[in-house]
Amino acid sequence: MGCRDPSKGEEALAQLRRCVPTASVELLVMDLSDPAKVVEAAAHFRERHTYLHLLYLNAGVASFTGRVNTRELFSWDMGEVLRDGKHLLEQTCGRTTEGGLGLEFASNVFGHFLLIHELLSPLENAAPSTIVWTSSRAASAKYFSFDDVQMVTSRDPYGGSKFACDLLSMALAKRLRCRGIYSFTTCPGLTFTNLMTNALHRWEYPFLWLMSKLIPSVSLVPERACVCLTWFHDRDPSMLDPQRKYLASAGRCMPGPLRW
């Protein structure tokens, strides 16, 4: 289990072991926004493990300001905003890492891509193996440009970065299939994790609760959201379509289209 913060990682491990006492799990400390640390963590994994059957790419950052984007909420796209949570929260643009990379690009896109590259050997050894990207219904070509692949000037760097994940997953699915490695994207829906709780005011919580009752794609709790990830563990990847996004909807995994 990869984690950037060792103390939070140990806390998550302890909670997992309380729920599943027989679980065999270990912590791999890495910061996906720092390429050197990704390479170091992957090397540590390769030293200990020869096979990697299933790689979940679930890390993500978003520069939410804590304000609801009322302009989008009461626009012609209101239905899409309510259904997908797309552009619901305002974001800070132009944030970069210490190395000068766009923050969302480094953590959500490039760090994952580099990790795959560094783990190709154990993935190929375990073929057929599966790569699962956590994308989002907020993924949007509208906020991605090849003139600004790091989303530094994008008004929605999170949505742009998730669209880049969709593009990468499809490209890797095509390129790695001959090596027995399969790549797919998933969407857990609008989920009430600390990524959301740190970005919202308490008076906005009832609004999210109401959305969860009316809109199946609003998972709200992580237990309902992660079904689209765990669904892959006993599936034959060669039988699945990499050009679909696998969605958490009403506590079930539903194949849906990739939107461009």
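Keep in mind that the numbers below use all heavy atoms, side chains included, and drop hydrogens, waters and symmetry copies.
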Without swapping roles, check the side chain of [X] against the backbone of [Y] for a donor-acceptor pair under 3.5 Å.
X: T97; Y: L101; value: yes
X: Y56; Y: W133; value: no
X: S135; Y: D166; value: no
X: K245; Y: S136; value: yes

Reported [atom1]-to-[atom2] distance for the pair [X] and [Y], which is rounded to 0.5 angstrom:
X: E124; Y: S129; atom1: CD; atom2: OG; value: 8.5 Å
X: M170; Y: T185; atom1: CE; atom2: OG1; value: 8.5 Å
X: E10; Y: C3; atom1: CD; atom2: SG; value: 9.0 Å
X: L54; Y: T230; atom1: CG; atom2: OG1; value: 10.0 Å
X: L27; Y: K8; atom1: CG; atom2: NZ; value: 13.5 Å
X: S107; Y: Y158; atom1: OG; atom2: OH; value: 12.0 Å

Would you check if there is a donor-acceptor pair between the side chains of [Y] and [X] at a distance under 3.5 Å?
X: S169; Y: S183; value: yes
X: R155; Y: Y143; value: yes
X: D156; Y: S154; value: no
X: N125; Y: T50; value: no

- Should the heavy atoms of other residues, nucleotides or ligands under 6.0 Å from NE2 of H49 be counted, would the total exceed 12?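 More than 12 heavy atoms, drawn from other residues, nucleotides or ligands, come within 6.0 Å of this atom.
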- Task: Before giving the answer on salt bridge (charged side-chain N to carboxylate O under 4.0 Å, His left out), spell out for R48 and E26 the whole-Å C-alpha distance, their side-chain angles and the decisive distance to 0.1 Å.
- Result: CA-CA 11 Å; R48 296 174 58 85; E26 60 187 73; 3.0 Å; yes
Nearest heavy atoms of [X] and [Y], plus distance in Å:
X: R4; Y: V29; result: O-CG1, 3.9 Å
X: M1; Y: V25; result: CB-CG2, 4.4 Å
X: R179; Y: A127; result: O-CB, 3.8 Å
X: Y246; Y: C228; result: O-CB, 3.7 Å
X: P242; Y: A173; result: CB-CB, 3.6 Å
X: G100; Y: Q150; result: O-OE1, 4.0 Å

Residue pair [X] / [Y], side-chain heavy-atom distance below 4.5 Å:
X: I116; Y: L57; answer: yes
X: F45; Y: L28; answer: yes
X: D148; Y: T153; answer: yes
X: V109; Y: L168; answer: yes
X: M151; Y: S161; answer: yes

- Knowing that exactly one of L120, T130, L123 qualifies, which makes a side chain to side chain contact (heavy atoms under 4.5 Å, CB included) with L52?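 Of L120, T130, L123, side chain to side chain contact (heavy atoms under 4.5 Å, CB included) with L52 is met by L123 alone.
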- Taking the six-membered ring for Trp, are Y51 and H53 parallel (under 30°), tilted (30 to 60°) or perpendicular (over 60°)? parallel
- Aromatic plane relationship, F110 with F105 - under 30° parallel, 30 to 60° tilted, over 60° perpendicular: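 Rings of F105 and F110: parallel, as their planes differ by under 30°.
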- Query: Do F184 and F232 make the cut of ring centroids closer than 6.0 angstrom?
  - Reply: yes
- Using a strict cut-off of less than 4.0 Å between a Lys/Arg side-chain nitrogen and an Asp/Glu carboxylate oxygen, indicate whether E118 and R46 qualify as a salt bridge. yes
- Tell me, with the steps shown, if L115 and M30 meet side chain to side chain contact (heavy atoms under 4.5 Å, CB included). CA-CA 10 Å; L115 183 63; M30 75 174 85; 4.2 Å; yes
